[in-house]
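The sequence lines fix the lettering, A, B, ..., with proteins before strands; numbering per chain opens at 1.
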Amino acid sequence: MLSFGNMASASPLSGVTFLDHTADVGLRARGPTPESLFRRAAAGTLALVEGSDEAGGVQGGGTRTAAGGTDGRTGAEQRESGRRPPTDPRGTSRAVVLEADDLAALLRAWLREVLWWHEVEGLALRQVRFLALEPVRLEAEVTLGPPPGPPVREIKGVTLHGLEVAEEAGEWRAQVIFDV
Amino acid sequence: MSRKRPELEVRRLDEYRWLIPRQGRMRVEGLVFADEGLMQDIRGDQALQQVADVATLPGIVGRSIGMPDIHWGYGFAIGGVAAFDPEEGGVISPGGVGYDINCGVRLLRSHLTVDEARPRMKEVMDQLFASIPAGVGRGYDRFVLEPRAIRSILTDGARWAVGEAMGREEDLERIESGGALAGADPEAVSERAVERGRDQVGTVGSGNHFIEVGWVDEVYDEPAAHALGLDAGTVTVFIHSGSRGLGYQVCDDYLDRMVKAAGRYGIDLPDKQLACAPLDSPEARDYLGAMRAAANYAFANRQVMGHRVRESFERVFRSSERDLGMELVYDVSHNNAKFERHRVGDRDRELCVHRKGATRAFPPGHPELGERFRELGQPVLIPGDMGRYSYVLLGTRGAYDETFGSTCHGAGRRMSRRQAKRETRGRDLAREFEEQGIEVRASSGRTVAEEVPEAYKDVADVVGVVDRAGIGRKLARLRPLGVLKG
């Protein structure tokens, strides 16, 4: 049984770099094992959604909002969808099983799941404990909790364009391009 | 991690056309419309290689085409057009439509003049911001539809909204394909997609989506502009959005199936995002059914937003939307795949035309255009960036002959979102827009920073190439008074 750390640990973005792409955004992640790679790729994906991918967090440029504030995520964000039930601040745990044709496809499926929790259920991945991570199958226990704030970037999809997972010199590396 | 590919040969044909001769595994040539200046931007990323990659897909006919606003996408470039013949093993590719299925643009006009509207713009934009959710993943809190209603939308498109008293019957004649694609299959849409769509009917979304109140500041063909209600000084409203989370989910769901299908049918993909299946395969049939359903969701989305815009104007100007002349000019899609008849070589063929970041631009007389547009040609709506201007064009015979009846869709990005944000750090964008007389409302300052005008090509350059190359005809230019961003 493999256990990997808390998503909210001191440097969840260690081993993650973000990519510039004309229309979209992307990331590269690396780690000593496939499990650490998957954990870091998830952290990087959430950083893009939550706006913590750049130093200084959300910096908008002072655009006026309806609420009259500046640099704001006020106004519309106060109209949170009423569909979502209140989230237990201590988090909620669940089991996850995903299958795919290869490790790259499995990473894509994993990140799609992380994004689904965030966008539709309003839950951010906090902890993951991998029970199995084979090239075609992932089994894990995850703990989900309220996100630190409203999302700032909408990821439409985890693309197959440039999607790569490989082991080089004992290190696992991945590249993912998102459609935003 | 990526392997190096040989440099692509590109040859200039004339002032606005660049040929990518057949090379490597290309089955047809590539053709890109651009002038020298735009080409410099285009060469800066991988868009030309993507035009060449699309040309390797089975059953492609004519040429793999790039519009002047083309830029690097994923798999297919954004601003690309490709037609596939089912009789020659042609394929359908979800990546050739994009995640935001039937992303498109709707234009309303009014009897209001710019001088009447300008002093009221703060109220107008506040009202729009309060009425229409905009922003990341944003949905309604009290307009959440049951899955059964979503299934109706997937079949009926904009007609569903008109049936719910959100629009006029005559709106439907002014929407591409009448606001609903035939052949939609709601059963081919996953439960997750339906769930994502429940609270997002009538919402803007984020990224480059927007609602823009503007005015007609220049007219290039007065009789045609008048016929569409776009006389100089007329106040207009642009709505740019698509199928929201439902469409994204459909694309994502089918990519996995298409990757497997491509392997099963022996299709060698230069980029996995080009995953595809032969048009006569079960995989293609299912995707087409789901894609059309998502397209219908997008038509309904823009129809509901159009209704909310009309309501907002009624509240601010204390007059009925009919008295305000809030008529729909047209509604076009720029992410789609459709079966259409086109002449290739010496015969007419039924082709599946993929337009990803490209707009249909049928010429005068085309049988698919309704009576209202039969003489004019199809209106083509080209939004620019949020600070400068947008255009209305008309479809031309040139587009029909050369680009499968297609033209550009917007300004086209020239700067990544992260770069745009870096380069605007420290600037007071609110003041900059205010000084230009543009009222901006946004749920996230980040979005505005990522969408600043300089992050885009000048849409006037893009439209200029289209007009001079004859694949579209300039009708009117619009300038913004107020912009609502996600």
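With respect to the salt-bridge test (charged N to carboxylate O, under 4.0 angstrom), the residues B/Arg196 and A/Glu121 do not qualify. Ion pairing between B/Lys421 and A/Asp20 fails under the 4.0 Å rule for side-chain N and carboxylate O.
With a 4.5 Å cut-off on non-hydrogen atoms, B/Glu451 does not touch chain A at all. For a residue to count as touching a neighbouring chain, one of its non-hydrogen atoms must lie under 4.5 Å from one of that chain's; by this rule B/Val452 does not touch chain A. For B/Gln50, the part lying near chain A is the side chain, with the backbone staying farther off; criterion is any non-hydrogen pair under 4.5 Å. Within the 4.5 angstrom heavy-atom criterion, only backbone atoms of A/Val158 (N, CA, C, O) approach chain B. For a residue to count as touching a neighbouring chain, one of its non-hydrogen atoms must lie under 4.5 Å from one of that chain's; by this rule B/Lys485 does not touch chain A. There is no contact between B/Asp41 and chain A, counting heavy-atom distances below 4.5 Å. Proximity to chain B is limited to the backbone of A/Leu19, based on heavy atoms less than 4.5 angstrom apart. Looking at B/Arg192, both its backbone and its side chain come within 4.5 Å of chain A, counting heavy atoms on both sides.
Closest non-hydrogen pair, B/Tyr248 versus A/Glu154, comes out as OH-OE1, 3.2 Å. What you find for A/Asp179 and B/Tyr74 is that their closest heavy atoms are OD2-OH, 2.6 Å. For the pair A/Gly162 and B/Asp271, the tightest heavy-atom approach, listed with the atom from each and the gap, is N-OD1, 4.4 Å. Of all heavy-atom pairs between A/Gly157 and B/Asp252, the closest is CA-OD2, 4.1 Å. In terms of heavy-atom proximity, B/Arg446 sits nearest to A/Gly51 at NH2-O, 3.1 Å.
Using a 4.5 Å heavy-atom cutoff, the side chains of B/Lys272 and A/Leu163 are not in contact. Using a 4.5 Å cut-off on side-chain heavy atoms (C-beta onward), B/Thr447 and A/Arg153 make no contact. Taking the side chain as every heavy atom from C-beta outward, A/Asp101 and B/Val259 never approach each other to under 4.5 Å. Residues A/Trp116 and B/Glu195 have side chains in contact (heavy-atom distance under 4.5 Å, counting atoms from C-beta outward).
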**Message:** Run B/Asp256 and A/Arg112 through salt bridge (Lys or Arg N to Asp or Glu O under 4.0 Å) and show every step you take.
**Reply:** CA-CA 12 Å; B/Asp256 286 335; A/Arg112 287 181 68 195; 3.4 Å; yes
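Checked by atom type and distance alone, the side chain of B/Gln273 never pairs as donor or acceptor with a backbone atom of A/Thr159 at under 3.5 Å.
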